[in-house]
Amino acid sequence: MVPVLMKDITFKLLRDPTMRTGIFLAVFLVGGTVLGGMLVPHDPFQINMNNRLQGASFEHWLGTDQLGRDVFSRIVYGAKLTIGLSIFAIMIAVIIGVPIGLFTGFIGGKIDAFLMRIVDGILSFPDFILAIAIAGMLGPNLTNVILAIVLVRWIVYARVVRGLVLAEKEKEYVLVSKVSFSSTFKTIRMHLLPQVIPDIIVMAAIDVGKVILLISAFSYIGIGAQPPIPEWGAMLNEGRTYFQVVPSLMIYPGLAIMLIVLCCNLLGDGLKNYFDIRKRRG
Amino acid sequence: MSLIIEGLSKKYTKGIQALKHISLTVPEGECVGIVGESGSGKSTLARILLGLESYKEGIITYNGKPIVPKNRTSLREYRKSVQMIFQDTTNTLNPKLPIWKSLLEPLDNYKEASPSFLEQGLTKMEKAEQLLEIVGLEKEMINRYPHELSGGQKQRVSIARAISLAPSLLVCDEPTASLDVTVQVQILQLLKELQKKTNMTILFISHDIRAVAYLCGRVIVLKNGVMVDEFRIGDIYHKERHPYTKALIQAASSE
């Protein structure tokens, strides 16, 4: 039963060209970094001043930076860090935002009105500016950047989930659940949560790309990752000084950000198409 | 042992008067029909009886106790004895859940319930299978999803779910409205059989006076929230019928 279901889901996912491109890109990126890491293992923090600002070679696939560190290893390390952190930030935002959206939407009343006014208040600021303000106040490091991103993003999830719940809770199977004396928690878990999960998955997949951009942007302007951590935005910032001499120091991290964000957006759009019943045939 | 409604009025916050001074008595084991056009307050009455809507004016008692008690333990008991079937067959079952999960939700909440029509010592799945057989569906359907069922089959499943706790009062809010004529008859026959078998009280709400005439012994006519007529089904063509009742009968016979 389960293998058949998995086969069916894989088939439907791969039929969509957006999803296919996204999966191909993801496999290419993951495969490339794993293979590269095995073939030419370098310490991303190892400084070698005799070997600085080298071009691409068999030993250093993407050359070396101003301190003689291997750029490829730094990008691979940065990938783990940036992607890992953005997925972590999204997960925390989902864990906070989804239950709040579910409960306030379902219960309604004064609690809902109060929480939604807070949400409206926070949403009236552009999230990037708000995150800069929070990260700026708390001090420049990655933990604070993640905290700022979570504070800004949970609201979006709470709001979207609440909207979905408002539409869903008037449906008759939810009323039947109430009439059958199911607890609020049970009705939400059994009937409302399954309805919002597809939307959350799609949102989260697209959000990972957005958050990668945010983390990189923060590191680039100096309030995120601090040297020598090889975060992509921080690498862009460090490479800025040498841009005219060795432009590849900025090009490679920039390309990495672009490709991974593109990959997240393609996977997100592919998932959106998969869950969209109107576009699903058969 | 009966349902008594006295002077029930309901006004929505927007100022719409949905029900005005409704008084009626439904004795145990009787099937009473409530007819009226859209907006006559039928569904509001059903929702009030189930405690899904609040009301400020009037008294409703069921078996001598006020309905929808604030106390959670009494409310639990009340909900066990009063169940409802809804109109819209497309939304009556959660599209993401297999039939058995939706079907067993009430029994899952009332683990102590042991309806007489279910054999003793059955597993959960066997109970679901037996419930499906009672409403005339094949037991193999338990693993299907709602989109794999026809409208009539979905309504049968929702009837099975509603009777799973052996309620003494079943409120049916236009259960045949979204179905084909032939399926409507089958659902009405099923309700009639179940009523005979279990002796439950049925409050059958419909805009179709023919469906009500088929199933119920007594009819109440609502118009703009007011009870304009009440009669035994044998007196349906009596000359003293309210003009609105006559119009409903005429509309039904000209279809």
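Just so it is clear: chains get the letters A, B, ... in the order the sequence lines come, proteins before strands, and each one is counted from 1. These numbers were taken from a predicted model, which means no experiment stands behind them.
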>> Checking an interface table here. Which of residues 256-267 of chain A come within a heavy-atom distance under 4.5 Å of chain B?
In response: none

> Quick check: are there more than 12 heavy atoms from other residues, nucleotides or ligands sitting under 6.0 Å from CE of Met91(A)?
Replying inline: no

>> Suppose a student defines contact as a heavy atom less than 4.5 Å from any heavy atom of chain B. Which residues in residues 155-171 of chain A would they list?
In response: Glu170(A), Lys171(A)

> Is it the case that more than 12 heavy atoms not belonging to Ile111(A) sit under 6.0 Å from its CD1 atom?
Replying inline: no

> Closest approach of Leu52(B) and Val179(A), non-hydrogen atoms and distance?
Replying inline: CD1-CG2, 4.0 Å

> Is the CD atom of Glu126(B) crowded by more than 12 outside heavy atoms at less than 6.0 Å?
Replying inline: yes

> About how many Å separate CG of Asp108(B) and OG of Ser180(A), when rounded to the nearest 0.5 Å?
Replying inline: 10.5 Å

>> A side-chain contact here means heavy atoms from C-beta on lying under 4.5 Å apart; do Met84(B) and Leu175(A) qualify?
In response: no

> Where along residues 87-105 of chain B does a heavy atom come under 4.5 Å of chain A, listed by residue number?
Replying inline: Gln87(B), Asp88(B), Asn91(B), Thr92(B), Leu93(B), Asn94(B), Pro95(B), Lys96(B), Leu97(B), Lys101(B), Glu105(B)

>> For Ser182(A), is there any backbone N or O sitting under 3.5 Å from a side-chain donor or acceptor partner on Arg79(B)?
In response: no

>> How about CZ on Phe28(A), more than 12 heavy atoms from neighbouring residues, nucleotides or ligands closer than 6.0 Å, or not?
In response: no

> In residues 146-154 of chain A, which residues are in contact with chain B at a heavy-atom separation under 4.5 Å?
Replying inline: none

